[in-house]
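To keep things clear, I will list the structure first and then write my remarks on it.
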Amino acid sequence: MPKHDTPMLDQLESGPWPSFVTDIKRQAAKNEACWDILGQLELSYKDKITHWKHGGIVGVFGYGGGIVGRYSDVAKKFPGVAHFHTVRVNQPSSKFYSSKILRQICDIWERRGSGMTNMHGSTGDLVLLGTFTEQLEEIFYELTHDVGVDLGGSGGNLRTPSCCLGKARCEWSCYDTQAACHDITMTYQDELHRPAFPYKFKIKFSGCPNDCVAAIARSDLAVIGNWKDDIRIDQAAVKGYINGEFPANGGSYSGRDWGAFDIKAEVLDLCPTGCMWMEGDTLKIDDAECTRCMHCINVMPRALRPGVEQGATILIGAKAPILDGAQIATMIVPFIKMDPENDFEELKDIIEKCWDWWMEEGKNRERIGESIQRIGLPTFLKVMEVEPLPQHVKEPRSNPYVFWKEEEVPGGFERDLAEFRKRNPM
Ligand code: HEM
Ligand code: HEM
Ligand code: SF4
Ligand code: SF4
């Protein structure tokens, strides 16, 4: 029997999309707390305000983050959600699971929590939604001892890294995103569990510029796969596309009639640099002019593949609007090798240079993207020990407020006015 009337939420049980209300009601049959979460949510729908109190500081000993505390401001009415803390559990790379592990986590969560989850949080964590403070150490003990999984990150620290599914199921992956994500997560456990940074810091891994984990938009340090040599072309397969044997874009547009495949209109003319052409029925690419946008490869996956000299581009500084405005990441290092054999040494060198600088120079609650804007890209490139390249900018500056270092200017900055007046008397 429902514990509370939920006329507004009940409306969300209709329609074709899987209803979270129906799901929570089903879970409520096992756990009273779920009726109270529905009750409080219905009240918020009615009042049009949240009914969670501000903040909440809870956790487990040894760690400075991982659990987001939360308390109801209508706890008398909904005692099942008086405490409703969220536990972030570090997910496996690319979220491949066995049913055994998921069953183990569900068993713990049904016993010690609400039974509600978020699969997964935007950063990547498996999120366990709603439990009481006295259960936190119990849950942590069982997760670590029985399942062998750890908490994810929260607070002014390295958050849980995440990756696209990479070489596990994609022919375009230019490095092993899962191995890199796992290695970096394990290497920097201390930075993840115990906040030591000016603010949060996220790392995301995509195998190619399609960027399926959106690293360029939602990680402070984005590792995006790339290649240096020529796109591999299978000319027989190109002919297969031209004569309609293979569907363009792996059949992604089959829901509508776009006419027969036209390689000129759909590939050559859409190449952003115009570096492709046909010689008879042979496809040619001037790879020196290719920006690796992925378009031609996305359209003809059977015929075109990334080159074999593979690695990644490093971009830094993406963040949401608060405080100084949203940022997409800025390219810092055009190409590094991503080698599991040397434990991703080149990447770690970059990560640690970033942190060394930002941990000293970053202001309180200033994302690295804002530190770079405040102090300047030239200074950041210098601390990263990267030579400035034309590729570091979309366009050169248009204002003339250029700083020079004193040693770059003949005669330096110390000038004697009396000397000047000898030549230019008052
Ligand atoms: C043929 C006439 C002039 C020439 C060739 C000239 C040239 C220059 C140059 C080369 C600078 C340095 C720009 C820089 O630092 O990047 C400058 C700065 C300046 N000029 Fe002139 N100027 C002329 C006339 C004037 C006049 C008539 C005024 C004022 C009534 C003026 C006011 C200034 C001021 C205030 C600055 C400093 C701007 C700054 O600090 O950035 N100039 N001028
Ligand atoms: C009430 C009158 C004025 C006000 C409130 C005013 C205000 C300002 C401000 C805020 C700046 C920018 C300073 C900076 O970015 O560091 C500036 C720059 C400048 N002003 Fe004025 N100004 C006034 C009158 C004048 C007059 C009458 C002249 C020239 C005859 C003048 C010439 C300049 C020049 C050349 C600059 C550029 C200096 C630079 O590039 O650093 N201003 N002014
Ligand atoms: S980002 Fe690239 S490599 Fe990774 S899954 Fe997407 S298309 Fe494949
Ligand atoms: S990857 Fe993009 S830039 Fe390069 S050849 Fe293909 S369409 Fe042109």
- Item | With Glu370, the side-chain hydrogen bond (donor to acceptor under 3.5 Å, both in side chains) member among Gln327, Lys363, Lys319 | Lys319
Do you see a donor-acceptor pair shorter than 3.5 Å between the side chains of [X] and [Y]?
X      : Y      : value
Gln189 : His193 : yes
Trp277 : Glu279 : yes
Thr133 : His85  : yes
Asn157 : Tyr63  : no
Glu352 : Tyr188 : yes
Thr160 : Gln91  : no
His120 : Asp125 : no
Arg70  : Thr86  : yes
Thr22  : Glu13  : yes

- Item | Identified salt bridge (charged side-chain N to carboxylate O under 4.0 Å, His left out) partner of Lys348 from the options Asp339, Asp183, Asp343 | Asp183
- Would you please classify the geometry between the Trp258 ring and the Tyr253 ring as parallel, tilted or perpendicular, with 30° and 60° separating the classes? perpendicular
- Message: Below 30° counts as parallel, above 60° as perpendicular, anything between as tilted: where do the rings of Phe132 and His83 land?
- Response: parallel
